[in-house]
Amino acid sequence: MHEHPSASRHPFCPATGVRRPPLDEVATELTNEIRELYTADEVPWVIGYSGGKDSTAVLQLVWTALRDLPAEKFNKPVHVISTDTLVENPVVAAWVTTSLESMEKAATEQVLPIQPHRLTPEIKDTFWVNLIGRGYPAPRPKFRWCTERLKIKPSNSFIRNVVAAHGEAIMVLGIRKTESQARARAMEKHEKRRVRDRLSPNANLPNSLVYSPVEDWTNDDVWEYLMQKPNPWGYNNQDLLTMYQGASADGECPLVVDSTTPSCGSSRFGCWTCTLVEQDKSMTAMIQNDEEKDDDSAPAGRQARLSFRYCGGQGRP
């Protein structure tokens with residue numbers, strides 16, 4: 001069995017530019033912080049879960065922290081929300097749906113206040129209603145109407161309902177500074193108004209805060225944690241890694257030797273109808289790496305479906 005690339009390196013955080021304790025120690029400190037934050041008040045939590053590595057790591061940290069609390073400390077619900085656009089990559093959609101079902105069962109068995117929710121857009125906001133029913137042009141960089149309707153509105157609506165019922169809400173997200181320079185700048189901007197470490201005001205939703213426990217983790221930190229710590233709701237994190245590997249053309253994790261080497265798990269999954277990219281590389285790689293996939297998902301078929309595009313604002317296929 002190959003040793004994970006991060007295991008042999010001296011711990012160093014590019015996000016802060018300083019060396020730090022081993023990840024196992026960092027994870028223990030985080031679970032203690034999560035327990036302290038959870039028991040500090042009665043403000044409900046809403047965890048954003050996409051089924052990807054970052055949101056899985058965050059949910060796993062929270063789940064582990066709550067599992068060690070006595071039942072009388074469960075003073076508020078922890079909602080886990082996942083938005084299904086109804087045009088998701090079918091492999092990822094199946095993964096997330098099954099994961100939510102496993103969470104619900106495990107939370108009940110372990111008597112935890114964790115409540116998973118699968119959110120979907122309203123009928124009037126769905127992809128096909130807008131594309132075919134209303135005649136919208138296919139999404140493009142300057143008219144990206146899909147993200148707001150399919151992903152943002154369902155989650156924001158849920159959070160607003162929680163705020164309306166309880167007065168406040170804390171969103172727990174798997175955002176990280178090393179994801180991109182834009183992400184790092186946005187997070188640093190909100191740090192100036194922080195209530196406490198890793199707890200920032202939400203600029204988009206009043207009366208809500210954003211808690212980002214893994215904000216200083218690297219890609220390798222996330223995978224190291226997921227590979228070392230068993231999934232508490234009974235899912236196999238190795239299968240998650242395999243899914244990411246399957247979405248890379250070479251089908252394997254490279255040995256990370258420096259910051260210029262892309263680490264495993266940088267694959268991005270999106271909607272199969274996406275017209276903002278010329279080719280769905282993750283879907284193409286998945287099929288290439290798994291010959292048993294249904295032929296209906298074949299890249300050629302998908303590309304043919306996406307060949308009907310609106311060019312330059314004209315309804316020209």
Side-chain angles (χ1 to χ4, degrees), residues 46 48-52 54-55 80-101 116-161 171 173 175 179-180 182-183 204-205 243-244 246-249 266-288 290 293-317:
V46 180
Y49 177 74
S50 67
D54 298 332
S55 60
V80 179
I81 62 172
S82 182
T83 304
D84 185 348
T85 64
L86 304 178
V87 284
E88 297 287 340
N89 176 315
V91 175
V92 178
W95 169 271
V96 174
T97 299
T98 308
S99 182
L100 291 173
E101 292 170 354
H117 307 268
R118 175 179 170 269
L119 309 180
T120 56
E122 294 184 44
I123 295 295
K124 64 183 179 64
D125 290 329
T126 56
F127 184 84
W128 299 113
V129 165
N130 284 279
L131 186 75
I132 299 176
R134 289 178 171 164
Y136 278 22
R140 67 186 83 175
K142 292 186 178 180
F143 188 40
R144 194 170 180 166
W145 53 264
C146 52
T147 306
E148 171 73 22
R149 288 171 171 81
L150 303 184
K151 280 193 169 291
I152 297 175
K153 285 180 70 174
S155 58
N156 281 1
S157 176
F158 183 92
I159 294 162
R160 287 193 181 98
N161 288 337
M171 297 175 60
L173 304 177
I175 51 177
E179 286 182 78
S180 67
R183 173 76 78 186
N204 300 315
L205 291 170
M243 185 169 69
Y244 270 85
S248 303
S266 59
S267 309
R268 293 282 183 175
F269 305 105
C271 302
W272 70 267
T273 56
C274 186
T275 51
L276 295 169
V277 295
E278 292 185 3
Q279 182 182 15
D280 188 338
K281 294 181 180 179
S282 66
M283 178 72 83
T284 302
M286 279 182 172
I287 296 163
Q288 179 182 334
D290 187 354
K293 285 284 190 300
D294 189 337
D295 288 340
D296 187 51
S297 302
R302 180 188 181 279
Q303 293 307 125
R305 289 192 292 273
L306 295 187
S307 64
F308 183 82
R309 294 172 183 271
Y310 287 76
C311 305
Q314 305 297 317
R316 176 166 53 87

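Shown here for Lys124 and Val129, the closest heavy-atom pair between the two residues is O-CG1, 3.9 Å. Of all heavy-atom pairs spanning Val96 and Gly51, the tightest one is CG2-CA, 3.9 Å. The minimum heavy-atom distance between Leu100 and His117, with the atom names listed, is CD1-O, 4.3 Å. Across all non-hydrogen atoms, the minimal contact from Ala138 to Thr275 is CB-OG1, 3.6 Å. Nearest approach of Trp145 to Leu131, heavy atoms of both residues: CH2-N, 4.2 Å. Minimum interatomic distance between Ser155 and Leu119 (heavy atoms only, all atoms of both residues): CA-CD1, 3.8 Å.
Atom CD1 of Ile123 is surrounded by 12 or fewer heavy atoms from other residues, nucleotides or ligands within 6.0 Å. Residue Glu122 qualifies as open at atom CD: its count of foreign heavy atoms under 6.0 Å is 12 or below.
Note that CZ of Phe158 and OG1 of Thr83 are 10.0 Å apart. Values are rounded to the nearest 0.5 Å.
Side-chain contact check for Tyr136 and Arg149: at least one donor-acceptor pair (N or O, by modelled atom type) lies under 3.5 Å.
A search for side-chain contact (heavy atoms from CB on, under 4.5 Å) contacts involving Thr85 returns Val87, Glu88, Leu150, Lys151, Cys271, not counting sequence neighbours. With sequence neighbours excluded, no residue satisfies salt bridge (Lys or Arg N to Asp or Glu O under 4.0 Å) with Arg160.
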Next item on the list: Output, in order, the C-alpha distance, side-chain angles, deciding distance and verdict of side chain to side chain donor-acceptor pair (under 3.5 Å) for Ser55 and Ser50.
Entry: CA-CA 6 Å; Ser55 60; Ser50 67; 3.3 Å; yes
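Side-chain atoms of Thr97 do not come within 3.5 Å of backbone N or O of Ala94 as any donor-acceptor pair. Asp125 places no side-chain N or O within 3.5 Å of a backbone atom of Pro121 that could act as its donor or acceptor partner.
For Phe127 and Trp272, the gap between ring centers reaches or exceeds 6.0 Å.
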